[in-house]
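One structure is given here, and the rest of the page talks about it.
Keep in mind the model is a prediction, meaning the values are calculated, not measured. No hydrogens, no waters, no symmetry mates; every other heavy atom, side chains included, goes into these values.
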Amino acid sequence: DAVCTFADFFEYDPDITLTKTPDRDVALQGQPVVYEYVLENTGNVDLTPLGALSDIVVDDKCDLVTYVSGGTPPTMKPGDRWTFTCTVDQIGSPPTVTNQAEATMKDGFEVPIKAKDDATVDVLVPELELVKTVDQPVIYPDTEVTYTYVATNTGTAPFEAPQGATDRDGWMDDNVCSPVTYVSGDTGDDSIMDPGEAWTYTCSDTLTVDTENTGTFTGTPFAGTGPGKQTGPEVEATDKATVDVIVPGIDITKTPSAP
């Protein structure tokens, strides 16, 4: 007698992959970054969440990872791709921030199926320094003095012009002396203050009284270019200089040698 055996073989292979992507690779410290997570069922069986959709993806530095679209939850069929998102309102400390996300689903036997991915964002710090000096700190009335201002980008983020400035002169202001004029320091002559650049300005004024005045340098930090460019709030740096004015005068005291 012949014996026939029919094999009904199925290779049970539950599996998922997680891909995490930030909306920008470079960000300004303290500014937001949005992460996108794409979870795919790369196995051959249906999967379901252990709990709520909001519990599927957990990020160690971003709270409230939210389901956005994809598939027909709560069942994740083979080949389904679900998209999640999460926003960090203020990206952390420089020079880089790396965070890891983990996704968890379960198969029909209640066995957890996990996948991980991480992403790194370079963090730029906007910082400015201003040093103001005067060529004659002590003068007689009606003497012209010249102030020199050196503004330096001491951070890691580049700066562009502040709001309302039409040229580099518009980055610098003095509450007493005007006009303040740009002299030198812009490498590449591109009106972008890159990290390490030091821009020099001057202003002259004729003084008649003791004067303390304040110079203010303002720039707008940014990260990246094109559609993904991120702009932060304006940053200011200030410094003061004092000029003392000598008022000439002669006092004569006359006394008799005898009454």
>> Are the side chains of Leu39 and Phe84 in contact, using a 4.5 Å heavy-atom criterion?
In response: yes
> Is there a donor-acceptor contact under 3.5 Å from the side chain of Glu110 to the main chain of Leu50?
Replying inline: no
> What distance do Asp173 atom CG and Asp169 atom CG have between them, rounded to the nearest 0.5 Å?
Replying inline: 11.5 Å
>> Do Asp13 and Val45 have side chains that approach each other closer than 4.5 Å (heavy atoms only, starting at C-beta)?
In response: no
> With distance as the sole test, does Asp107 use its side chain to make a donor-acceptor pair with the main-chain N or O of Val111 at under 3.5 Å?
Replying inline: yes
> What do you reckon, is CZ of Arg81 surrounded by more than 12 foreign heavy atoms closer than 6.0 Å?
Replying inline: no
> Are side-chain heavy atoms of Val34 and Pro22 found at a separation under 4.5 Å?
Replying inline: no
>> Is the shortest side-chain heavy-atom distance between Asp25 and Asp122 below 4.5 Å?
In response: no
> What distance separates Glu127 CD from Asn153 CG, expressed to the nearest 0.5 Å?
Replying inline: 8.5 Å
>> Under a plain distance cut-off of 3.5 Å, with no hydrogens placed, do Ser204 and Thr146 share a side-chain donor-acceptor pair?
In response: yes
> Any side-chain heavy-atom pair from Val65 and Ser54 closer than 4.5 angstrom?
Replying inline: no
>> Could you tell me if the side chain of Lys20 sits less than 4.5 Å from the side chain of Tyr35, heavy atoms only?
In response: yes
> Of Val38, Ile56, Thr72, which is the lone residue that meets side-chain contact (heavy atoms from CB on, under 4.5 Å) with Trp82?
Replying inline: Ile56
> Does one side chain, of Asp59 or Asn99, offer a donor that lies under 3.5 Å from an acceptor on the other?
Replying inline: yes
>> Counting neighbours of OH on Tyr12 that are heavy atoms of other residues, nucleotides or ligands and sit closer than 6.0 Å, is the number greater than 12?
In response: yes
> Under 3.5 Å, is there a donor-acceptor pair linking the side chains of Asn175 and Asn213?
Replying inline: no
>> For Lys132, run the side chain to side chain donor-acceptor pair (under 3.5 Å) check against Thr216, Thr238, Asp174 and tell me which one passes.
In response: Asp174
> Between Lys114 and Thr104, does any side-chain donor sit less than 3.5 Å from a side-chain acceptor?
Replying inline: yes
> Salt bridge between Glu160 and Lys229, side-chain N to carboxylate O under 4.0 Å?
Replying inline: yes
> Hey, what else clusters with Val180 if you join Ile, Leu, Val, Met, Phe, Trp, Tyr whenever side-chain heavy atoms sit under 4.5 Å?
Replying inline: Leu128, Leu130, Val134, Ile139, Val145, Tyr147, Tyr149, Phe159, Trp171, Met172, Tyr182, Met193, Trp199, Tyr201, Leu207, Phe217, Val235, Val243, Val245
> Is the shortest distance from a Lys or Arg side-chain nitrogen in Asp186 or Arg168 to a carboxylate oxygen in the other one below 4.0 Å?
Replying inline: yes
>> Using the rule side-chain contact (heavy atoms from CB on, under 4.5 Å), only one of Asp80, Thr48, Leu53 pairs with Pro73; which is it?
In response: Leu53
>> I'd like to check Thr75 versus Lys77 (side-chain heavy atoms, cut-off strictly below 4.5 Å). Are they in contact?
In response: yes
> Does the side chain to side chain contact (heavy atoms under 4.5 Å, CB included) test come out yes or no for Glu36 and Thr83, once each step is laid out?
Replying inline: CA-CA 7 Å; Glu36 181 184 76; Thr83 300; 3.8 Å; yes
> Where do Thr143 and Thr206 land on the side chain to side chain contact (heavy atoms under 4.5 Å, CB included) test, with the steps shown first?
Replying inline: CA-CA 5 Å; Thr143 301; Thr206 299; 6.0 Å; no
> So, do Gln90 and Pro32 sit near enough that their side-chain heavy atoms are less than 4.5 Å apart?
Replying inline: no
>> As an exercise, state the distance from OG1 of Thr42 to CG of Leu18, rounded to the nearest 0.5 Å.
In response: 11.0 Å
